[in-house]
Amino acid sequence: MITDEPQDLVLTNLCIYTETEINPKGYVVVRGEKIDSIGLMESFHEEDWENAHIIDFPKRMNLIPGLIDIHIHGANDADAMDGTLNSLKVMAATLPKEGTTSFLATTMTQDEESIEIALSSIAQYIEASDQSGKAEVIGIHLEGPFISEKRVGAQPIHSVKKPDVALFKKWQDLSNNQIKLVTMAPEEDENFELVRYLKAEKIVPSIGHSDAVYEQVLSSIHAGVSHVTHLFNGMRGLHHRDPGVAGAALLHSELMAEMIVDGVHIHPEIVKLAFLQKGVDHIILITDSMRAKWLEDGISSLGGQKVIVRDGKALLENGALAGSTLKMNDAINNMMNFTGCSLQDVVKMASYNPAKQIGVLDKKGSIAKGKDADLVVLDENNQVVLTICKGQIVYSNGGVKA
């Protein structure tokens, strides 16, 4: 059953990954949009909840906080750059199937008019649309156009611009202050003016699509860069005579590093290397997915460019990777398989860390009393059984009577 209105819910007999511990057999009470309480099954009395909707899970399943994707362009034939409310609605309705309950709608390098249309539509969607029953758009990730022409990847080179504080201010006004994270090449930013402005405004400056040498990365960290966009992809790589952006990311704890863990963008052994070096506290799992996610293989598009998707791998005609078709629950599964880390570890990397990085940890990112009831039930194979967004059951795979 998919519910139309938020309702009081009690989920029982679950292994609950709370903010502070793992409760191997517990229950959680959802009241309205919030988590009301968490307890042990030994103290649960069903008669106390006769007016609530109780969902009992008879075999071992795990309850984790909703996953937060801070770098996602599209899904299910919709893209944030489409500039339409409907495309955002399609994305938001699709993502709970993979356990994502909130996300940053991510733009890309395009002409100014296209970016402005996208920013305006995302702002309108956030402020005027009914987001209940779907994953929540909690802001915007501006990826480009302030990047390096030498590291464009799948970003159209003809639309690359030098970092421009005045232009960014215009765009932030258009977005009604919804831009939370900016991917840029700081070596192109004269005196790090945009980096310093972003830091002062409590917007996350991220180094990405950058050809910076190690010393330039260090200077950008001192200026305020605190994040790395899709580690190893679209950046100067690690070389034994130049650590580059990738080497700096591995060495410096000031930098939170995004990773696309699909087995394509980063070799599994390099994922493991990064995990061993950065640790669970400094990695964020993302999808960087484009509109072909949740579709069959075939021809798709990204930023007006033709994309060929084969076996789930998305490539431009020139062979460049064009984002991914990765689903968030597959990202956490891959991370566990590639590194041997625990479910508790990936919960931190896919929920807690992104919430903390973009300033929403007070209401999202963990299972704790008073936080938004963004919850996901996973089976033993980390497949999504049930997704709850702000107290509403928005997805059930049929494996449980909801």
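Predicted, not measured: the structure shown is a model, and the values here were computed from it.
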message: What verdict does the side chain to side chain donor-acceptor pair (under 3.5 Å) test give for Thr12 and Asp56, after you've listed the backbone C-alpha separation in whole Å, the side-chain angles of each residue and the deciding distance to 0.1 Å?
response: CA-CA 5 Å; Thr12 62; Asp56 185 63; 2.7 Å; yes
For [X] against [Y], the heavy-atom pair lying closest together:
{"X": "Ala249", "Y": "Leu231", "answer": "CB-CD1, 3.5 Å"}
{"X": "Met235", "Y": "His230", "answer": "CE-O, 3.7 Å"}
{"X": "Pro156", "Y": "Thr109", "answer": "CD-O, 3.2 Å"}
{"X": "Ala154", "Y": "Leu321", "answer": "CB-O, 3.4 Å"}
{"X": "Val376", "Y": "Val384", "answer": "CG1-CG1, 4.1 Å"}
{"X": "Phe146", "Y": "Pro163", "answer": "CD2-CA, 3.5 Å"}

For [Y], is there any backbone N or O sitting under 3.5 Å from a side-chain donor or acceptor partner on [X]?
{"X": "His209", "Y": "Arg151", "answer": "yes"}
{"X": "Arg236", "Y": "Asp211", "answer": "yes"}
{"X": "Asp173", "Y": "Lys170", "answer": "no"}
{"X": "Asn13", "Y": "Arg60", "answer": "no"}
{"X": "Lys180", "Y": "Ile70", "answer": "no"}
{"X": "Ser289", "Y": "Gly74", "answer": "yes"}
{"X": "Asn353", "Y": "Val280", "answer": "yes"}
{"X": "Lys134", "Y": "Asp130", "answer": "yes"}
{"X": "Asn337", "Y": "Asn334", "answer": "no"}
{"X": "Gln392", "Y": "Gly133", "answer": "yes"}

Check this for me: does any side-chain nitrogen of one of [X] and [Y] sit under 4.0 Å from a carboxylate oxygen of the other?
{"X": "Lys313", "Y": "Asp297", "value": "no"}
{"X": "Arg291", "Y": "Asp77", "value": "yes"}
{"X": "Lys293", "Y": "Glu98", "value": "yes"}
{"X": "Asp372", "Y": "Lys34", "value": "yes"}
{"X": "Lys25", "Y": "Glu42", "value": "no"}

message: For the aromatic rings, using the six-membered ring if either is Trp, is the centroid distance between His71 and His227 under 6.0 Å?
response: no
task: For the pair Leu218 and His252, evaluate side-chain contact (heavy atoms from CB on, under 4.5 Å) and give the outcome as yes or no after the intermediate values.
output: CA-CA 9 Å; Leu218 290 190; His252 289 275; 3.0 Å; yes
Regarding [X] and [Y], is there a side-chain donor-to-acceptor distance under 3.5 Å anywhere?
{"X": "Glu127", "Y": "Asn176", "value": "yes"}
{"X": "Gln124", "Y": "Ser121", "value": "no"}
{"X": "Glu187", "Y": "Ser210", "value": "yes"}
{"X": "Thr287", "Y": "Ser324", "value": "no"}
{"X": "His265", "Y": "Asn233", "value": "no"}
{"X": "Asp8", "Y": "His53", "value": "no"}

task: Over 60° means perpendicular and under 30° means parallel, so classify the ring planes of Trp49 and Phe44, tilted if in between.
output: parallel
Nearest 0.5 Å, please: how far is [atom2] in [Y] from [atom1] in [X]?
{"X": "Gln155", "Y": "Gln305", "atom1": "CD", "atom2": "CD", "answer": "8.5 Å"}
{"X": "Thr325", "Y": "Asp262", "atom1": "OG1", "atom2": "CG", "answer": "7.5 Å"}
{"X": "Ile179", "Y": "Leu119", "atom1": "CD1", "atom2": "CG", "answer": "5.0 Å"}
{"X": "Cys341", "Y": "Lys272", "atom1": "SG", "atom2": "NZ", "answer": "11.0 Å"}
{"X": "Gln277", "Y": "His282", "atom1": "CD", "atom2": "NE2", "answer": "11.0 Å"}
{"X": "Asp374", "Y": "Ile388", "atom1": "CG", "atom2": "CD1", "answer": "9.5 Å"}

field: Residue Glu190 excluded, over 12 heavy atoms near CD under 6.0 Å
entry: no
- prompt: side-chain contact (heavy atoms from CB on, under 4.5 Å) between Ile332 and Leu285: does it pass, once the steps are laid out?
  reply: CA-CA 8 Å; Ile332 66 174; Leu285 300 182; 3.9 Å; yes
message: One pair to check against side-chain contact (heavy atoms from CB on, under 4.5 Å): Ile68 and Thr100. What are the steps and the verdict?
response: CA-CA 6 Å; Ile68 302 173; Thr100 297; over 6 Å; no
- prompt: Given Val30, which of Val10, Ile393, Leu9, Asp36 fulfils the side-chain contact (heavy atoms from CB on, under 4.5 Å) condition?
  reply: Leu9
query: Where do Asn329 and Asn382 land on the side chain to side chain donor-acceptor pair (under 3.5 Å) test, with the steps shown first?
result: CA-CA 7 Å; Asn329 63 301; Asn382 294 326; over 6 Å; no
task: Check step by step if side-chain contact (heavy atoms from CB on, under 4.5 Å) holds for Ile55 and Leu386.
output: CA-CA 11 Å; Ile55 304 177; Leu386 191 76; 4.3 Å; yes
- line: salt bridge (charged side-chain N to carboxylate O under 4.0 Å, His left out) test vs Glu19 passes for just one of Lys348, Lys371, Lys369, namely Lys371
